[in-house]
Amino acid sequence: MPRYAQLIIGPAGSGKSTYCNNLYQHCQSVGRVIHIVNLDPAAEHFEYPVALDIRELISLDDVMDELKLGPNGGLVYCMEYLEDNLDDWLSEQLEDYIDDDYLVFDCPGQIELYSHIPVLRTFVDHLKKWDFAVCAVYMLDSQFASDVTKYISGCMASLSAMVQLEIPHVNILTKMDLLPNKSKVDKFLDPDARLLLGDLNDQMAPRFQKLNKALAELVDDYSMVSFLPLDIRDEESIQFVLSHIDNAIQFGEDAEVKVKDYDADMGDPEDAENFDVGNIDDD
């Protein structure tokens, strides 16, 4: 039987570590075992227990001091160093995790790591070689959905990660608990190209209309970029998201999985099974 993994990615400040902490607390409360792995060499403290830590291999502070690199260049160096040590250090660290173990990898927030630099693609390929079923979980701050131009930017970044990694993929709108009116983001959960195009044309100069049309059609043609809302204060919201991720990697497929109806004011469908999470099927 395979082992299972979530790869938590997204821009800096999108709520990745907060998600990991609340997911851990939720699983503790329902009697489910998960292991959190820190892949951020710049991390300083954690609210959750760390099962594995990249800082045992390399840390950003050491790289910046010894190589005189800035934070961005230093972080890329750290991740490339991890890439060079996947078969040695990481494979040895993962030997203790057996069939059906469930790992959550908390990744750095540098967007190029999962958009065009091949580090995380190599990392994912190694996990699959080691018999892990992996799902990428892309985090986007829900405040992006308050502005259609920012939302399109977030969609393009998510789509870039989906194409780069080529694994099952779930997009999450985080920090829903901070929005004063959650209904305003309903149209962004499963976007309609025509509505997006109209909003873009209203906010941008006429000379951008062809570009707007191309971007809206790209989102519509791929039919892959949709989002699930996450309110970390709501246990049902966390379970709702977790159920979709579990389904994407077929975790517990031999057991009967029950997903509760989600709160209607979040703009979600009544049956989670009918909701398009925008997965890419693994080869």
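- Taking a cutoff of 4.0 Å between a charged side-chain nitrogen and a carboxylate oxygen, Arg55 and Asp61 do not qualify as a salt bridge.
- You'll find the side chain of Asn85 stays beyond 4.5 Å of the side chain of Ile58, heavy atoms only.
- Under a 3.5 Å cut-off, the side chain of Asp101 and the backbone N or O of Ile98 do form a donor-acceptor pair.
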- side chain to side chain contact (heavy atoms under 4.5 Å, CB included) between Ser29 and Glu235: does it pass, once the steps are laid out? CA-CA 10 Å; Ser29 68; Glu235 290 293 317; 4.0 Å; yes
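- Taken to the nearest 0.5 Å, the OG atom of Ser59 stands 8.0 Å off from the CG atom of Asp65.
- Between Thr149 atom OG1 and Gln203 atom CD the span is 5.5 Å, to the nearest 0.5 Å.
- Using a 4.5 Å heavy-atom threshold, the side chains of His35 and Leu52 count as separate.
- Shown here for Pro118 and Gln164, the closest heavy-atom pair between the two residues is CA-NE2, 3.6 Å.
- Side chain of Glu47 to backbone of Ser17: no donor-acceptor contact under 3.5 angstrom is found.
- Summarising the geometry of Gly13 relative to Asp141, their closest heavy-atom pair is O-OD2, 4.3 Å, with the distance given to 0.1 Å.
- Heavy atoms only, all atoms of each residue included: Leu69 and Met64 are closest at O-CG, 3.4 Å.
- Here the side chains of Cys107 and Leu113 are not in contact, with every heavy-atom distance at 4.5 Å or above.
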Enumerate donor-acceptor pairs with a distance under 3.5 Å from any side-chain N or O in residues 73-84 to protein atoms, sequence neighbours excluded.
residue	atom	partner	partner atom	Å
Glu83	OE2	Thr122	OG1	2.9

- In sequence, state the C-alpha distance, the side-chain angles, and the governing distance for Asp125 and Arg121, and then conclude on salt bridge (Lys or Arg N to Asp or Glu O under 4.0 Å). CA-CA 6 Å; Asp125 289 343; Arg121 173 57 187 263; 3.2 Å; yes
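- The backbone N or O of Thr174 lies less than 3.5 Å from a partner atom in the side chain of Ser142, making a donor-acceptor pair.
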- Met176 and Asp234: side chain to side chain contact (heavy atoms under 4.5 Å, CB included), yes or no, with the steps? CA-CA 10 Å; Met176 293 293 292; Asp234 187 345; over 6 Å; no
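- Taken together through direct or relayed side-chain contacts under 4.5 Å among Ile, Leu, Val, Met, Phe, Trp and Tyr, Leu67 and Val119 form part of one hydrophobic cluster.
- Residue-environment remark: NZ (Lys150) stays at or below the threshold of 12 foreign heavy atoms within 6.0 Å.
- Glu95 and Ser91 share no side-chain donor-acceptor pair at under 3.5 Å.
- No salt bridge links Asp106 with Lys16; every basic N to acidic carboxylate O contact stays at or beyond 4.0 Å.
- Between the side chain of Asn212 and the backbone N or O of Leu197 there is no donor-acceptor pair closer than 3.5 Å.
- Neither Leu178 nor Val241 shares a network with the other; the hydrophobic side chains, linked directly or stepwise wherever heavy atoms of I, L, V, M, F, W or Y lie under 4.5 Å apart, form separate groups for each.
- The structure places CG of Leu94 at 7.0 Å from CG of Leu127, a figure rounded to the nearest 0.5 Å.
- Cys135 approaches Ile167 most closely through the heavy-atom pair C-CD1, 4.2 Å.
- The structure places OH of Tyr19 at 6.5 Å from CD1 of Ile172, a figure rounded to the nearest 0.5 Å.
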- Does the side chain to side chain contact (heavy atoms under 4.5 Å, CB included) test come out yes or no for Leu90 and Trp130, once each step is laid out? CA-CA 11 Å; Leu90 187 61; Trp130 297 331; 3.9 Å; yes
- Test log, rule side chain to side chain contact (heavy atoms under 4.5 Å, CB included), inputs Asp231 and Asp177: CA-CA 5 Å; Asp231 183 342; Asp177 51 302; 3.1 Å; yes
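- Contact of the Met204 side chain with the Val148 side chain is not registered, since no non-hydrogen atoms from C-beta on lie closer than 4.5 Å.
- The distance from atom CG of Asp99 to atom CZ of Arg3, rounded to the nearest 0.5 Å, is 7.5 Å.
- Using a 4.5 Å heavy-atom threshold, the side chains of Met156 and Ser160 count as separate.
- Formation of a donor-acceptor pair under 3.5 Å by the Tyr114 side chain with backbone atoms of Gly10 is found in this model.
- Residues Leu39 and Phe123 approach most closely at CD1-CZ, 3.6 Å, considering heavy atoms.
- The distance between the ring centers of Tyr24 and Phe46 does not fall below 6.0 angstrom.
- Between Val37 and Gln93 there is no side-chain heavy-atom pair separated by less than 4.5 Å.
- A distance of 9.5 Å separates CG of Leu86 from CG of Leu57, quoted to the nearest 0.5 Å.
- Inter-residue side-chain proximity for Tyr48 and Ile34 is flagged as unmet; no heavy-atom pair is nearer than 4.5 Å.
- Side chain to side chain, Gln6 and Tyr102 meet the donor-acceptor criterion of an N or O pair below 3.5 Å.
- Proximity of Ser158 to Leu140: side-chain heavy atoms (C-beta onward) are nowhere separated by under 4.5 Å.
- Contact between Tyr4 and Ile249 at its shortest, heavy atoms only, is CE2-O, 3.5 Å.
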